[in-house]
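Below you'll find the structure, written out as structure tokens, and then a few comments.
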Amino acid sequence: MAWDSTPNIVQGPDGVEITAKWFSTPALIVGAIGIYLVFDLLSDFVFRVLPGSGSRPDPWLALPGLIAAGALCYAALACCINRTRVEIRASSIIISNGPLPWPGKKRFELNDIRMVYNTMALRLKHYRRSKNVTSFVVMAVTGNNQHIQLVKAADRKNADEIETIIKAQLGLKPSASPKTNQTKPN
């Protein structure tokens with residue numbers, strides 16, 4: 001998912017909560033197309049079922065398209081309003097997405113996390129300008145060498161800040177992370 005804003009970090013007495021919005025402008029366009037398709041297919045379905053509609057091919061032919069358009073609308077709506085929440089508590093890290101149900105909920109025990117680091121996640125040329133667009137992710141490494149994406153950040157400074165907060169919460173050394181992919185954008 002795309003994150004257009006800086007993650008919100010809230011430190012409380014029982015842990016840290018990092019929330020990142022998913023909002024993306026292209027999702028609004030996809031959602032509008034999905035809504036149009038839903039209404040178009042739904043009206044087609046209804047008019048085929050009504051008596052006196054003349055030619056009456058099977059109305060159920062519109063059902064697969066209606067389901068696909070509905071799924072498209074749901075995904076676009078999720079991209080516009082959902083957030084990823086990373087909760088670091090006394091004994092675990094919980095990663096969840098919401099408020100609309102979306103897969104990806106994970107829970108990891110804190111004693112299983114051996115390292116936290118940030119790295120460059122995306123480096124693209126902007127399609128209208130000759131400018132690189134870069135984002136960063138804060139990752140955790142478990143005892144069995146599984147790399148877990150915790151949260152995305154818009155820039156290196158924000159990623160470093162989030163990494164430092166997470167390490168402090170976990171009791172890890174501030175210098176325990178490798179700085180990978182630190183090449184400057186062209």
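None of the values given here were measured: they were computed from a predicted structure.
Scanning all heavy atoms of the two residues, the minimum distance from Ala90 to Leu110 falls at O-CD1, 3.3 Å. Here the closest heavy-atom approach between residue Gly15 and residue Gln169 is recorded as CA-NE2, 3.5 Å. Across every non-hydrogen atom of Leu37 and Ala69, the tightest pair is CB-CB, 3.7 Å. Here the closest heavy-atom approach between residue Val86 and residue Leu150 is recorded as CG2-O, 2.9 Å.
Within the structure, salt bridge (charged side-chain N to carboxylate O under 4.0 Å, His left out) pairs that include any residue of residues 88-105 comprise Asp14-Arg89, Glu17-Arg89, Glu87-Arg89 (at least two apart or interchain). Note on residues 66-95: no pairs pass ring pair (Phe, Tyr, Trp, His ring centres under 6.0 Å), not counting sequence neighbours. Identified under the ring pair (Phe, Tyr, Trp, His ring centres under 6.0 Å) test for residues 142-166, with sequence neighbours left out: Tyr117-His147.
Evaluation of the side-chain hydrogen bond (donor to acceptor under 3.5 Å, both in side chains) rule for Ser96 yields no partner, not counting sequence neighbours. With sequence neighbours excluded, no residue forms a side-chain contact (heavy atoms from CB on, under 4.5 Å) with Thr164. Applying the side-chain contact (heavy atoms from CB on, under 4.5 Å) test to Asn144 and every residue at least two apart in sequence or in another chain returns Thr142, Gln146. In this view, Asn97 and Thr84 satisfy the side-chain hydrogen bond (donor to acceptor under 3.5 Å, both in side chains) rule, not counting sequence neighbours. Not counting sequence neighbours, the partners of Ile67 by the side-chain contact (heavy atoms from CB on, under 4.5 Å) test are Leu63. Residues forming a side-chain contact (heavy atoms from CB on, under 4.5 Å) with Leu77 (at least two apart in sequence, or on another chain): Ile81, Leu100.
Grouping the Ile, Leu, Val, Met, Phe, Trp and Tyr side chains by contacts below 4.5 angstrom, directly or via other members, places Trp22 apart from Leu72. Note on Val38: it does not cluster hydrophobically with Ile35, by side-chain heavy-atom contacts below 4.5 Å among ILVMFWY residues. Residues Ile18 and Leu172 share a hydrophobic cluster, clusters being chains of Ile/Leu/Val/Met/Phe/Trp/Tyr side chains in contact below 4.5 Å.
By the 4.0 Å N-to-carboxylate-O rule, Glu161 lies too far from Lys157 to be salt-bridged with it.
Ile94 belongs to no hydrophobic cluster, as no Ile, Leu, Val, Met, Phe, Trp or Tyr side chain comes under 4.5 Å of its own.
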